[in-house]
Protein chains: 2
Amino acid sequence: MTSQTTGSPAAPDDPSRTWTIAEVAEEFGVTHRTVRHYEELGLISPDRRGTTRVYHRRDRTRLALVLRGRRLGFPLDEIRTIIDLYDAPRGRRSQLEYVLSQIDERRTDLEQRRRDLDAALAELETFERRCRDDLDRLGRL
Amino acid sequence: MTSQTTGSPAAPDDPSRTWTIAEVAEEFGVTHRTVRHYEELGLISPDRRGTTRVYHRRDRTRLALVLRGRRLGFPLDEIRTIIDLYDAPRGRRSQLEYVLSQIDERRTDLEQRRRDLDAALAELETFERRCRDDLDRLGRL
DNA sequence: GTATTGCTTTACGTTGACGTCAACGTCAAG
DNA sequence: CTTGACGTTGACGTCAACGTAAAGCAATAC
């Protein structure tokens, strides 16, 4: 079900399409409690139609970023400072330089993570080869 | 300070060298509480000299694995099942096949993480370029 | 001697990230 | 008009991963 109360037949690529909390929760595989929790922390700020939350494409974009950050193991408030960075005003030189310094910090962190990840994968594959060799030896007996 | 009470002058590559809890904590940049917590969860199992914990190279190896897993955002009990896998007996075919299936599960997870990581890095670099362009434009005014 | 380190255990506190429950509003369907 | 289905706001519960404080033993430092 779409949330469009207008008679229009729910164009999925309509940039003005909106979603309910149940729809976004379902779509992203989280509970509505999680979605509300992210709103409490300022990670997303859905509109309201009266008292009811109304989610736009913008909210889904941010939610996707939040969940990717979560999969990568970042704390939620750190995730907020990162994605807020993307929306931050960059009019003045000082702001731009601050944003660039933050970017650099982030990248250093992410690159460290990738090193860890690659090392873990490499060890895993070495180990797999050992196991397969053992299995072969068992087969030849 | 080394923990060797013997007269030997602390050879750092001696395979029988041991460490105190303070030394390993210092070396890995964690508190002694963290080290003990990992022991409570069965992630490491140091020897005892009387009541005092004595760490061998083996413990440091496992601790390094634990901390890398932590940097990657894995929960500690999951980390334990992973590194226990490396030490698991692989004598029988059924055991080997189980271990191999676990390896495959792990690798799938790690590869998903790498995709997330690469996407995040790519976006970060796109964003950085935009910012640098903005900065250039400001400079040319 | 005592005093200071450095280690130990026990145990309760904290923080992040939600889960869960109660109590209530609202709107279309029967 | 009542019944669901879906929404809302508190508020408390829970679990992981430690922090932290209390109280004690054991060896070196003075």
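Between H37(A) atom NE2 and dC12(D) atom C1' the separation is 15 Å, expressed in whole Å. Atom NE2 of H32(A) is separated from atom P of dC6(D) by 12 Å (rounded to the nearest Å). The CZ atom of R48(B) sits 13 Å away from the P atom of dC7(C) (whole-angstrom rounding). Taking atom CD of E78(B) as the reference point, atom P of dA17(D) lies 10 Å away to the nearest angstrom. In this structure, CZ of R70(B) is placed 16 Å from P of dG16(C), rounded to the nearest angstrom. Rounded to whole angstrom, the span from the CD1 atom of I21(A) across to the C1' atom of dC18(C) amounts to 14 Å. Between E40(B) atom CD and dA16(D) atom P there is a gap of 13 Å when expressed in whole angstrom units. Residue L76(B) contributes atom CG, which lies 12 Å from atom C1' of dC15(D) at whole-angstrom precision.
In this structure, of dC7(C), dT8(D), dC18(C), it is dT8(D) that holds the atom nearest to the side chain of T52(A). Proximity note for L41(A) (side chain, C-beta onward) versus dT8(C), dA17(C), dT8(D): the nearest is dA17(C).
Between D77(A) and T51(A), the residue whose closest nucleotide on DNA chain C is further toward the 5' end is D77(A). Place A22(B) and R36(B) on DNA chain C by their nearest nucleotides, and A22(B) ends up nearer the 5' end.
Enclosure of atom OH in Y98(B) is not indicated, since only 12 or fewer non-hydrogen atoms of other residues, nucleotides or ligands lie within 6.0 angstrom.
The pair R92(B)-D134(A) fails the salt-bridge criterion, with no side-chain N (NZ, NE, NH1 or NH2) lying under 4.0 Å from an Asp/Glu carboxylate O. The pair D87(A)-R58(A) meets the salt-bridge criterion, with a side-chain N (NZ, NE, NH1 or NH2) lying under 4.0 Å from an Asp/Glu carboxylate O. Remark: R48(B) engages E39(B) in a salt bridge, criterion side-chain N to carboxylate O under 4.0 Å.
Neither OP1 nor OP2 of dA17(D) sits under 4.0 Å from any side-chain N or O of Y38(B). At the phosphate of dG19(C), OP1 or OP2 sits under 4.0 Å from a side-chain N or O atom of T34(A). Not one side-chain nitrogen or oxygen of R49(B) sits closer than 4.0 Å to the OP1 or OP2 atom of dC7(C). Contact annotation: T31(A) side-chain N/O to dG19(C) OP1/OP2 distance is under 4.0 Å. For the OP1/OP2 pair of dG7(D) and a distance below 4.0 Å, the side-chain nitrogens and oxygens of T20(A) include at least one atom meeting the criterion.
In this model, a side-chain donor or acceptor of R33(A) finds a partner on the base of dT20(C) within 3.5 Å.
Judged by a 6.0 Å distance limit and a 45° cone about the ring axis, R113(A) is positioned over the six-membered ring of F74(A).
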